[in-house]
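Encoded as structure tokens, the structure appears first; notes follow it.
Each ligand, and each atom within it, is numbered from 1 in the order the structure gives. Each residue takes its place number in the sequence, starting with 1.
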Amino acid sequence: MTSGAASGPGATAAERKILLVGASRGLGLGLAKSFATHGWDVVATERSASAGGGLAAAAAGSGHIRTELVDINDPRTVQRLRTQLSGERFDVIFIVAGVSDKDPTRPVHEVALDEAIHVFVSNAYSPICFAEAFFDLLKPDGTLAIMTSRMGSLTLVSTTEDGSWEIYRASKAALNMLTRCFHQRHQHDCRTILLMHPGWVKTDMGGKDAPVDLATSVEGLYTTLINWHGSGKQVFLDYQGNELPW
Ligand SMILES: NC(=O)c1ccc[n+]([C@@H]2O[C@H](COP(=O)([O-])OP(=O)(O)OC[C@H]3O[C@@H](n4cnc5c(N)ncnc54)[C@H](OP(=O)(O)O)[C@@H]3O)[C@@H](O)[C@H]2O)c1
């Protein structure tokens, strides 16, 4: 699916701008570099300024990346960023930030309450609150993308997936549901809403045994996002462009 919209693939690079949330490392950092390489203006966030860190180095080496600070679990920093960006408009807002519990092999009853709350808040509550706060900064034909996981699919857990990573899996299922609720609240809106699964990727979260390398995932996510940009649909997709069951 492609778009003929003014800010879609046909637009010149200078017209395209993305807000990437959670870009200090891993997939967020990879996406910041990728969108910049494709000529987009990138506003990439991290939780704290990392002098010499991956995002700072990427920004220094690219004329297309600007860094900002936000912790999506901290409403004060979310409000501060919202005020800072109030005069800007984005073609894409991509919320990548997410966490897993320290030992995802534990079943739910072995995870401490505060850790379970942290995972649910970070992966489900805060991304949607962030989306709501920044949705009006998205152009009328823009795309809101949120990083989820196929582990959040209720259909796949009983077919192709085992039931491990219980708290993480449940938090992504909650994210998927809240994204559907968000879509219902904005059902007369023409903007595209994508829930995206990056594959099992070699990052701090995915680990070294993950079968998908960062570059493959990031380029697949980029291509898939561009293909759906301007469609006005709400879909659950993987990095290879496949639609996933809820
Ligand atoms: N890797 C995989 O195989 C895989 C598979 C499916 C889905 N995902 C999803 O993809 C996304 C990125 O994962 P990753 O593998 O790149 O993980 P990662 O390497 O652990 O990076 C996580 C990123 O999220 C940021 N973050 C965490 N909590 C945040 C908060 N409260 N506010 C702002 N930023 C926050 C981290 O910032 P700090 O550096 O400050 O901690 C970091 O930039 C996550 O949503 C994850 O669930 C990953």
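Salt-bridge formation is not detected for the pair R16/D91: no Lys NZ or Arg NE/NH1/NH2 atom is positioned less than 4.0 Å from an Asp or Glu carboxylate oxygen.
Among pairs with a residue in residues 119-135, those fulfilling side-chain hydrogen bond (donor to acceptor under 3.5 Å, both in side chains) read N73-S122, N73-S126, N123-S171, E132-R185, E132-H186, at least two apart in sequence or across chains.
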Could you pull out all donor-acceptor pairs under 3.5 Å where a side-chain atom in residues 239-246 meets a protein atom, sequence neighbours excluded?
from	atom 1	to	atom 2	distance (Å)
N242	ND2	D238	OD1	3.4
N242	ND2	D238	OD2	3.1

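Here the side chains of Q234 and T179 are in contact, with some heavy-atom distance below 4.5 Å.
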Where do H109 and E166 land on the side-chain hydrogen bond (donor to acceptor under 3.5 Å, both in side chains) test, with the steps shown first? CA-CA 10 Å; H109 58 277; E166 291 185 13; 5.6 Å; no
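Think of V99 as one node in a network of Ile, Leu, Val, Met, Phe, Trp and Tyr side chains linked at under 4.5 Å; its network also takes in V108, V111, V119, F120, I167.
Near ligand 1, residues G22, S24, R25, G26, L27, R47, V70, D71, I72, N73, V96, A97, G98, V99, M147, T148, S149, Y168, K172, H197, P198, G199, W200, V201, T203, D204, M205, G206 each place a heavy atom inside the 4.0 Å sphere around the ligand atoms.
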